[in-house]
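Below is one structure, written out as C-alpha cells, with a few remarks after it.
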Amino acid sequence: MMSSIVLISLEKFFGKNHVIKNLNLEIKHGEFVTLLGPSGCGKTTTLRMIAGFEKPSSGEIKIEDRTVFSSEKKINIPPEERNIGMVFQNYAVWPHMTVFDNVAYPLKIRKLPKGKIKEKVMRMLDIVKLTGLESRYPYQLSGGQQQRVAFARALVFSPSILLLDEPLSNLDAKLREEMRFEVKDLQKRLGITVVYVTHDQSEAMAMSDRVVILKDGIIQQIGTPLEIYENPINEFVADFIGNANFFLISVNNNIAVIEKLEGSQKVAVKNIENGSYKAIVRPEDIILGSGEGKGRILKRAFLGKEIVYTIISGDTTFKVIAPKEQLFDENENVSFNIKKLVVLKK
Ligand SMILES: Nc1ncnc2c1ncn2[C@@H]1O[C@H](COP(=O)(O)OP(=O)(O)OP(=O)(O)O)[C@@H](O)[C@H]1O
Ligand SMILES: [Mg+2]
C-alpha cells in the first residue's frame, strides 16, 4: 500500500548549523504520528519541510507517491500544490476577518465559486462545532473556539494530510485535554494522515499511533507509545517518555543485581551478556511494603488516586508511584521490591 508521507535522507542546515541529520521516516495513510522532542530539536523545521515552507539542504520528500522535493532531481513543488493543511504553533486566525471569512480564505485563493465556498465552509463549521458563530470575529470567541477556526481553515480544502505544530499550546490545561480527544476524533472521522508536533510527552502518548523521538535533529526511536515506554532505546528516550529511575546493575547469568542499594535486589533479565549496565525502572514497577530492599521515605506527594514517594536506599534515591491506599509517613522505613527493569544496551 502506498504511503502518505516518505522522508528520505533529509538534511537541513541553517548556515553552519546542522539542524536535521539524515532523517528517514515513512508515514502510512490515516496514521497519527507525533514528532516529540525538546525545544530546538528540529520539530517545526521538519514540518515546514514537509509543507514546503522550508527547503531541505538535501534528500527527498514524497507525498502520496509523488515526489514533491528532491535535491538530486531538482524538484521542489510549492506548498499550495502539496494539498497539505497546517495549523501553526500560535494558531493565528486573522483578527480582522469573521469566522466565515477565515475558513473561506483557502477556498477563495483556490478560486472556487461562491456557492461552493459557502457549502464547504458551513459543512466544515459543523464538523468543528462552530455552527451559528460564522459572523463573529476572533476576539468574540474563546481560545478553544479560535482554535477550532484554525482547524477548520486548515481542513476546508480537504487536504489528505494535516500538519499540526503544538496546536494546543495556547490553551489552558483542562481545555487542552478536551481538545486532544476532539483532534483525534476529527482525524478518525476525516480519515486523514496527521503529523503532530509537541514537546508534551503525555499529549504524544495519548494521541499517537506512533511517536518519533527527536534529539538534536536525529531520530532516537520510532514506535508506538507503549513500545517506547516499555523499551526505550537509551537514557534520553527513557527520561523523555514518562518518569524513569536510573540504576547501575551487574548482570550474571541473566540475573541483574542492582548496585548501591541497601538490601539485595535481584531481577531476572533475558539475553543479557554478563557485565555492568545502566538500567531504568519505572516508578510503578517498584512495590513498597515487602521485599528485600530496605529504604526510607524522604518525600511524599499526593497526586489524586496515587502517591509519589521519593525513597532513599543506600546512597541512591528513586521515585515510586503507589496507590493512595499505601500510606507511609515521611522518614518511615520501608521495604521494597523491584519487579521489572529495562537494561540499556551499551
Ligand atoms: N530560520 C531559521 N534560521 C536559522 N536557524 C533556525 C531557523 N529556524 C530554526 N532554526 C534553528 O534550527 C533548530 C531547530 O529549530 P525548530 O524550530 O525546528 O525547533 P523545534 O523543535 O520546533 O523547537 P520548539 O519546541 O522550541 O518549537 C534550532 O536550533 C533553531 O534555532
Ligand atoms: Mg517548534
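Whatever order the structure lists them in is the order used to number ligands and atoms, beginning at 1. Predicted model, so just to flag it, every value in this text is computed and none were measured.
For ligand 1 and Glu166, the ligand atoms under 4.0 Å from any heavy atom of the residue are 25 (O).
Checking only distances, Thr45 does come within under 3.5 Å of ligand 1, N or O to N or O.
In this structure, atom 26 (O) of ligand 1 lies nearest to the protein heavy atom Ser39 OG, 2.5 Å. Looking from atom 25 (O) of ligand 1 to the surrounding protein, the closest heavy atom is Lys43 NZ, 2.8 Å. The protein heavy atom nearest to atom 28 (C) of ligand 1 is Gly40 O, 3.8 Å. For atom 9 (C) of ligand 1, the nearest protein heavy atom (residue, atom name, distance) is Phe14 CE1, 3.5 Å. Of all protein heavy atoms, the one lying nearest to atom 22 (O) of ligand 1 is Thr44 OG1, 2.8 Å. The protein heavy-atom contact nearest to atom 27 (O) of ligand 1 is Gln89 NE2, 3.4 Å.
At a distance under 4.0 Å, a protein heavy atom can be found next to atom 16 (P) of ligand 1. Protein heavy atoms all stay at least 4.0 Å away from atom 30 (C) of ligand 1.
Counted by atom type alone, Asn22 and Asn24 present one or more donor-acceptor pairs between their side chains at under 3.5 Å.
Side-chain heavy atoms closer than 4.5 Å link hydrophobic residues (I, L, V, M, F, W, Y) into clusters, and following such links, even through other members, never connects Met97 to Met86. Taking hydrophobic clusters as Ile, Leu, Val, Met, Phe, Trp and Tyr residues chained together by side-chain heavy-atom distances below 4.5 Å, Leu36 does not share a cluster with Leu162.
For Phe318 and Phe336, the ring centers are positioned less than 6.0 Å apart.
Around the Mg ion (ligand 2), protein atoms of type N, O or S found under 2.8 Å number 1.
Contact annotation for Val19 and ligand 1: only side-chain heavy atoms (C-beta onward) come within less than 4.0 Å of the ligand.
Here the side chain of Gln187 pairs a donor or acceptor atom with the backbone of Ile192 at under 3.5 angstrom.
The residues Lys294 and Glu262 are annotated as not salt-bridged, no charged nitrogen and carboxylate oxygen being separated by less than 4.0 angstrom. Between Lys108 and Asp101 there is a salt bridge, since at least one side-chain N of the basic residue sits less than 4.0 Å from a carboxylate O of the acidic one. Between Glu230 and Lys340, at least one side-chain N (NZ, or NE/NH1/NH2) sits under 4.0 Å from a carboxylate O, which counts as a salt bridge.
Residues satisfying the side-chain contact (heavy atoms from CB on, under 4.5 Å) test with Glu31, not counting sequence neighbours, are Ile27, Lys28, Val33, Asp209, Arg210.
Ring pair Phe13/His18 is parallel by interplanar angle, where below 30° counts as parallel and above 60° as perpendicular.
Remark: Thr316 OG1 to Ile311 CD1 distance equals 12.5 Å, nearest 0.5 Å.
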